[in-house]
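Inspection log for the structure reproduced underneath, given as structure tokens.
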Number of protein chains: 4
Amino acid sequence: MRFSMTDEIATEDEPARRSIGAKRNPDSAEAILEAAEELLRDKGYAGFSIEAVAKRARAGKPTIYRWWPNKTALLLEVYQRQKGQVDYSDTGSIEEDMFRFMKSLFHQWRETQTGEIFRSLVAEAQQDDAALKALAHYAGTRRGRTRQIVERAQKRGEVRADVMPEVVADLLAAYAWIHLLTDRLYESDETIRAAVAVIANGIKS
Amino acid sequence: MRFSMTDEIATEDEPARRSIGAKRNPDSAEAILEAAEELLRDKGYAGFSIEAVAKRARAGKPTIYRWWPNKTALLLEVYQRQKGQVDYSDTGSIEEDMFRFMKSLFHQWRETQTGEIFRSLVAEAQQDDAALKALAHYAGTRRGRTRQIVERAQKRGEVRADVMPEVVADLLAAYAWIHLLTDRLYESDETIRAAVAVIANGIKS
Amino acid sequence: MRFSMTDEIATEDEPARRSIGAKRNPDSAEAILEAAEELLRDKGYAGFSIEAVAKRARAGKPTIYRWWPNKTALLLEVYQRQKGQVDYSDTGSIEEDMFRFMKSLFHQWRETQTGEIFRSLVAEAQQDDAALKALAHYAGTRRGRTRQIVERAQKRGEVRADVMPEVVADLLAAYAWIHLLTDRLYESDETIRAAVAVIANGIKS
Amino acid sequence: MRFSMTDEIATEDEPARRSIGAKRNPDSAEAILEAAEELLRDKGYAGFSIEAVAKRARAGKPTIYRWWPNKTALLLEVYQRQKGQVDYSDTGSIEEDMFRFMKSLFHQWRETQTGEIFRSLVAEAQQDDAALKALAHYAGTRRGRTRQIVERAQKRGEVRADVMPEVVADLLAAYAWIHLLTDRLYESDETIRAAVAVIANGIKS
DNA sequence: ACCTAAGCGAGACGGTACGTCTCGTCTTGCG
DNA sequence: CGCAAGACGAGACGTACCGTCTCGCTTAGGT
């Protein structure tokens, strides 16, 4: 999702970008997304304002509005840029697969602070219909990915055929979300395993 | 406190409240909470500003700030005033209990628009640590209530003794939250039942 | 300047005054005027608010409003309590009389900070018609006093009979006021003498 | 800039000013000063608030605060915009010159209501050190202008060489100020002439 | 000795204005 | 034509006082 090959991060001191003619300057776009991401990580959603992003990116506000119709759109793209480092590996045991998925998701949200960004997105979605739609869509997509864990287990007969993978994926995502949103990302392995076990037991043949 | 949708909405024309001496005027408090609630219901979180609440309640801004340190505190109290009309009844079947719980929660959030208020609170909590703490505490309390569904089923032997009721309650709450936050409160009975069944099967003896 | 026989200043700790029955409590009145005066002296007109006066005097706001209809009235009474220690002595020379008058007025305004209070009154009068009227009346009275300097000199033939003493008093007051209002109370003797000399020469027989 | 009383008062209906790029929009500045001036004239100092100015000028409050650090600064600029139409003409007689000066000053203050603005400024200066300084400086400058009346009379021998023109100018200004501040701008010619005569006689050779 | 009337401190009330913040829009002038 | 810059109208934020109101308490003076 991120193709620029250069600098990254570097946000200060240089003599300011200029127009590169009558087309979008990818450096500016990059700097803006970079700045937005940093702000979200450092100060959370509360510190995330277009004004602040523009200042940190050494960009003009209109440049932001030229490419992203509003705050929400920028927020979304920032989130989507995040490389999911979630563990979807197939261990042969659906319970272990789910546990690894959940653990790795918590870990990613915690350690890369992408959780902070996702929280912001959820918050924004409660105010803004566009964000809500985007979030719903995004969540659907992710759920699709998670669903595969169930589907492959179903294929090998570990999971009953009448189970709706979509529903299981929803339960998993829900459990992750509520922990993120109520600041319980440091949940113990024991508890996570217990939660996953309930679901796994509930769907095993 | 307000289930009817028609009654004492009247906010105009009266000769304006006055101080009732060196103590809090409950009428003002009531009017403010009422106004806040209405605003959240009518215009959602985006239309919820102290300024707007004050105007609608015919109250001065300082009167609001005198009793609620900030927007968040007011939001919280508005939500807590909502008397949950959630169905915790004991049908003898944990699965049916859970289904009824979930259905009634979805119904309450949808039909009384308290869902709108709760969404706002979740959003606010992502910006404000105090709100986050309050929300976490509130969620914990509610989870306690939900846990009882599991505990009583455990007592009568319907559910395995090694199941952690807290975890089950968490899964249920999570499923509700994610539907609220992604605007899926109109989920079909079939799907809800499927989700609940997964959990119920996962914990039955 | 202060004739109360007790405490003075002491504004803290005592168990607070109470009503002394169905009549005005002179201690309260005194405490309020005292507090107002101190505030004006210490922080000037900007720090003079009924709220602040009430707090410093350990009085309720209604007690103030019971006896003084508004801020202006209180300000006025505070000023009038100031006993002018202005030198109206008759040296036999109108020029010397005027000089002494001016010097002593500047001195009083400067050293007792009553100048600060008078400045406040002038400021208030520019916003409030009642204060303006009161100020005009007060100024008229004082001018009357000053006029006597001229009249007695006229009687002994030092000043021409066709001179209007009122006008001379006005010129003197004006000179004093403009120095107060533009923070020039530290004017040199030389300059003051020169100003007075102009007037004296202008009216001598 | 505004001597007519009828023209471009129009403040309503137009489609509202916009930014003209990264530089001050003179139209806005003009509209703000205009609005401030009108408010002072119409309602006096008491009706002069940044909020009211913003509303009348159809400007945002921050636009005002961007260019004037506070109320006082705006007040000052409003006053300084007023082109003095005071009569400094040389009739050959210092007494007549002074009389004309005084009459025209009273007239201007009365008829153009710039007196109202100046009164406000004097009031403000009693609360705000910056305003005081500005007022003192302004008064000094004006006094310089007035001093010339004396200096030219001194040159032609009408006034004694040992007279300090500064002091005379001060006396004249003082007389004007006190009349403005105590609402005596309708003073009779007779009285004004008498006052001026005292000074003139006091300085003639 | 009781009762009423009014003053007292306290502090909440509906308001208005303050000065600050961010939103999303607009233009300029350089490249 | 894109860009950095930053002004613009709008309007919410949380604070300070305004002048009014009521409470619950005092005490004085009339009965």
Side-chain angles (χ1 to χ4, degrees), chain A residues 15-25 27-28 48-52 54-55 57-67 69-71, chain B residues 16-25 27-29 48-55 57-67 69-71, chain C residues 15-25 27-29 48-52 54-55 57-67 69-71, chain D residues 15-25 27-29 48-55 57-67 69-71:
Chain A
R17 286 174 307 282
R18 282 319 209 139
S19 168
I20 54 170
K23 65 182 184 197
R24 181 170 187 174
N25 182 339
D27 286 354
S28 283
F48 178 71
S49 73
I50 294 290
E51 209 106 7
K55 186 162 288 180
R58 314 251 270 115
K61 276 201 286 173
T63 303
I64 299 183
Y65 283 107
R66 202 179 339 268
W67 303 114
N70 51 47
K71 211 173 154 170
Chain B
R17 285 176 309 280
R18 286 319 212 129
S19 169
I20 56 166
K23 65 180 184 199
R24 185 169 191 176
N25 184 340
D27 287 356
S28 285
F48 177 72
S49 74
I50 295 288
E51 206 107 5
V53 171
K55 188 162 287 178
R58 313 252 267 115
K61 272 200 290 172
T63 301
I64 299 182
Y65 283 108
R66 213 184 325 274
W67 302 113
N70 50 49
K71 215 172 151 167
Chain C
R17 284 176 310 281
R18 285 319 215 130
S19 169
I20 55 167
K23 66 181 183 198
R24 185 171 189 177
N25 183 340
D27 287 354
S28 284
F48 177 71
S49 73
I50 294 290
E51 207 107 7
K55 186 162 287 181
R58 312 252 267 116
K61 276 202 285 175
T63 302
I64 299 183
Y65 282 106
R66 205 182 333 269
W67 302 114
N70 51 47
K71 211 173 152 168
Chain D
R17 284 175 311 281
R18 286 320 213 128
S19 168
I20 56 166
K23 66 178 183 201
R24 187 169 189 178
N25 183 340
D27 288 355
S28 284
F48 176 72
S49 72
I50 295 287
E51 206 108 4
V53 171
K55 188 162 288 179
R58 312 253 265 115
K61 274 201 289 173
T63 301
I64 299 183
Y65 283 107
R66 215 186 320 276
W67 303 112
N70 50 49
K71 215 172 150 167

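Numbers restart at 1 for each chain; the letters A, B, ... are given by sequence-line order, proteins then strands.
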What's the separation between atom [atom1] in [X] and atom [atom2] in [Y], rounded to the nearest 0.5 Å?
X: C/Ile50; Y: C/Ile64; atom1: CD1; atom2: CD1; answer: 5.0 Å
X: A/Ser28; Y: A/Arg58; atom1: OG; atom2: CZ; answer: 11.0 Å
X: B/Ile20; Y: B/Asp27; atom1: CD1; atom2: CG; answer: 7.0 Å

Between atom [atom1] in [X] and atom [atom2] in [N], what is the gap in whole Å?
X: B/Arg17; N: F/dT20; atom1: CZ; atom2: C1'; answer: 15 Å
X: B/Ile20; N: F/dT20; atom1: CD1; atom2: C1'; answer: 15 Å
X: B/Lys23; N: F/dC25; atom1: NZ; atom2: C1'; answer: 14 Å
X: C/Lys55; N: F/dA16; atom1: NZ; atom2: C1'; answer: 11 Å
X: C/Ile64; N: E/dA10; atom1: CD1; atom2: C1'; answer: 13 Å
X: B/Trp67; N: E/dG14; atom1: CH2; atom2: P; answer: 12 Å

Can you tell me which nucleotide in F/dC8, E/dG9, E/dG14 comes closest to the side chain of D/Thr63?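 So the nucleotide nearest the side chain must be F/dC8.
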Distance-minimising heavy-atom pair for C/Ala54 and C/Gly60: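 Closest approach of C/Ala54 to C/Gly60, heavy atoms only: CB-C, 4.4 Å.
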Testing the basics here: between B/Ala57 and B/Arg17, what is the closest heavy-atom pair and its distance to 0.1 Å?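 What the structure gives for the nearest pair is O-NH2, 2.7 Å.
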Would you say [X] places a side-chain N or O within less than 4.0 Å of OP1 or OP2 belonging to [N]?
X: A/Ser28; N: F/dA4; answer: yes
X: B/Arg18; N: F/dT22; answer: no
X: B/Arg66; N: F/dG14; answer: no

Which residues share a side chain to side chain contact (heavy atoms under 4.5 Å, CB included) with C/Asn70, sequence neighbours left out: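 If we apply the side chain to side chain contact (heavy atoms under 4.5 Å, CB included) test to C/Asn70, skipping adjacent residues, the hits are C/Thr72, C/Ala73.
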Could you go over nucleotides 16-18 of chain E and give all protein N or O partners under 3.5 Å, atom names and distances?
residue: E/dC18; atom: OP1; partner: D/Ile50; partner atom: N; Å: 2.8
residue: E/dC18; atom: OP2; partner: D/Ile50; partner atom: N; Å: 2.9
residue: E/dC18; atom: OP2; partner: D/Glu51; partner atom: N; Å: 2.6

Using the test side chain to side chain donor-acceptor pair (under 3.5 Å), find all partners of B/Lys61 that sit at least two apart in sequence or belong to another chain.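 For B/Lys61 the side chain to side chain donor-acceptor pair (under 3.5 Å) partners, ignoring immediate neighbours, are B/Glu51.
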Starting at the 5' end of DNA chain E and moving along, which residue's nearest nucleotide shows up first, A/Pro69 or C/Asn25?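 The answer here is C/Asn25.
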